[in-house]
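The sequence lines fix the lettering, A, B, ..., with proteins before strands; numbering per chain opens at 1. Just so we're clear, the structure is a prediction, and the values are computed from it rather than from any experiment.
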2 protein chains.
Amino acid sequence: MEGKDLRKAGLKVTLPRLKILEILEGGNVRHVSAEDIYKRLLETNEDIGLATVYRVLTQFEAAGLVTRHHFEDGMAVFELNHGTHHDHIVCLDCNRVEEFVDSGIEDRQTTVAERLGFEIRDHSLILYGRCRRPGCPSRKS
Amino acid sequence: MEGKDLRKAGLKVTLPRLKILEILEGGNVRHVSAEDIYKRLLETNEDIGLATVYRVLTQFEAAGLVTRHHFEDGMAVFELNHGTHHDHIVCLDCNRVEEFVDSGIEDRQTTVAERLGFEIRDHSLILYGRCRRPGCPSRKS
DNA sequence: ATGTATGCAAAACATTTGCACCTGG
DNA sequence: CCAGGTGCAAATGTTTTGCATACAT
C-alpha cells in the first residue's frame, strides 16, 4: 500500500492523488507539466479534470513532495522530490534536461548570500546550452 | 539625442520605444514587468498600448538591450543590460533584488557543463532568502 | 455524517496576434 | 510615399476559482 506517502504528508488518500503520484513516480520522465500529466491520465482512461491536476500538484508542492520549476518557456514543470538537491542543465535544441550537483557552487552561493546580508533559503540554478547528442536537432548542422 | 542606442540596435526611433527605454533607464527600479511599464506610461499620460509594450520589450530583448527574467512568481520581468553579466538574490519577504557576480561560480558552471557534454550558452542563477534589512517585513518577527 | 476533494465550466491572468490606421525617414 | 510601427480588440495558453456533487474517514 503506497498511500503512506500521502497520509504522511497530511493529505487524504484519494484516487486522483494516487494516480498523479504514480505518474510522477513512473520514472520515464522526470520533469512534467500539468498538461503532460493530464494527457497521461486521459490515455489511462482516468476521469480526472485538469483543475484537479493543478490543485493536487500545488498541494504536493506545499507538502514538499514535488518541486515546481519555471524553465524559460514560462510553463511550469513539476518534479518528484527524491531527497537530494540538484540543479539543472537544459539543452536549447532538444529540451533534454540533465541534473547535477556541484558542492563548490553550493558553497559559494552560501558565501555570497552571507556577504550580502541574506539568510539563504533556496536557490534556482539552470544552465542552458547545446548537448549535441545523437537525436538532438543541433546535430544536423 | 538618445535615439542613438535604438538606431544602433537596428530599430526605428519611435516615440513608444523612446519612452519605454527612458523608463528602463530611469534608474529607480531595475527589474520591471510589462505591466509596470504600462502603468508608468499611463501616469505620464502617454497613449501607448500594453501590446506595444510587450512588442517593444521583445524587440529590445532580441536586440540585446534588455534581459528577460522569470522569477518564481511566473510573471516576466525585464532589466536593462548595462554590459556586465550578473546573477540575482531576491528577498522572499520584501522582494528586494540585489545583484552579484562570483567568478568561482561562473567558472564551475562552465566546468560542469563541459563534464556533461554541453556547450554552455547561458544560465540563470537566482538565490532566494531573507534580507532582514530595515523596512523588510521579516524584521517584525 | 461531515468536512474535504472533485469535475465542470467559467474566470482570471499574462502574453500574442489580426487588422486598419498612423508615422518616421 | 511606403515599409514598418502602433492601438485596439479579440484570441491564446496557462492556471485558478465557484459551486454542486461525490468521496474518504
B:R68 (side chain) donor-acceptor with B:A76 (main chain) under 3.5 angstrom: no
For the helix from C:dA1-D:dT25 to C:dG25-D:dC1, how many degrees between its two end axes (five pairs per end), to the nearest 10°? 30°
Letter per nucleotide, 5' to 3', of nucleotides 19-25 of chain D [B base touched, S only sugar-phosphate touched, - untouched; heavy atoms, 4.0 Å]: -----SS
Got a sec, which residues hit side chain to side chain contact (heavy atoms under 4.5 Å, CB included) with B:R121, two or more places apart in sequence or on another chain? A:L92, A:R130
Between B:L50 (CG) and D:dT6 (P), how many Å, whole number? 14 Å
Should the pair A:H86 and A:H88 be assigned to parallel (<30°), tilted (30 to 60°) or perpendicular (>60°) ring geometry? perpendicular
Figure out the NE2/C1' separation between A:H70 and D:dT15, and round it to whole Å. 10 Å
OP1 or OP2 of D:dT16 sitting under 4.0 Å from any side-chain N/O of A:Y54? no
Shortest non-hydrogen contact from B:C94 toward B:C131: SG-SG, 3.7 Å
Across all chains, not counting sequence neighbours, the side chain to side chain donor-acceptor pair (under 3.5 Å) partners of B:N95 are none
On DNA chain C, compare the nucleotides closest to B:E35 and A:Q59; which residue's is nearer the 5' end? A:Q59
Which atoms form the tightest heavy-atom contact between A:R108 and B:D102, and what is the distance? NE-OD1, 2.8 Å
Under the 4.5 Å side-chain heavy-atom rule for ILVMFWY, direct or indirect, which residues accompany A:F100? A:I89, A:I105, A:V112, A:L116, A:F118, A:I120, A:L125, A:L127, B:I89, B:F100, B:I105, B:V112, B:L116, B:F118, B:I120, B:L125, B:L127
Which residues pass the side chain to side chain donor-acceptor pair (under 3.5 Å) test with A:D36, sequence neighbours left out? A:S33
Working to the nearest 0.5 angstrom, can you tell me the gap between A:R132 CZ and B:E119 CD? 6.0 Å
Please tabulate, for the side chains in residues 45-53 of chain B, all donor-acceptor contacts under 3.5 angstrom to protein atoms that are two or more places apart in sequence or on a different chain.
none

By side chain to side chain donor-acceptor pair (under 3.5 Å), A:H123 pairs with (sequence neighbours left out) A:H85, A:D87, A:Q109
Per the ring pair (Phe, Tyr, Trp, His ring centres under 6.0 Å) rule, what does the pair list look like for residues 43-66 of chain A, sequence neighbours excluded? none
Taking 5' to 3' order, which nucleotide of DNA chain C is first and which is last to have an atom within less than 4.0 Å of a heavy atom in chain B? C:dA14 to C:dG25
With sequence neighbours excluded, what pairs up with B:E114 under the side chain to side chain donor-acceptor pair (under 3.5 Å) test? none
Sub-4.0 Å heavy-atom contacts from residues 37-48 of chain A onto DNA chain C, ordered by number: A:D47, A:I48
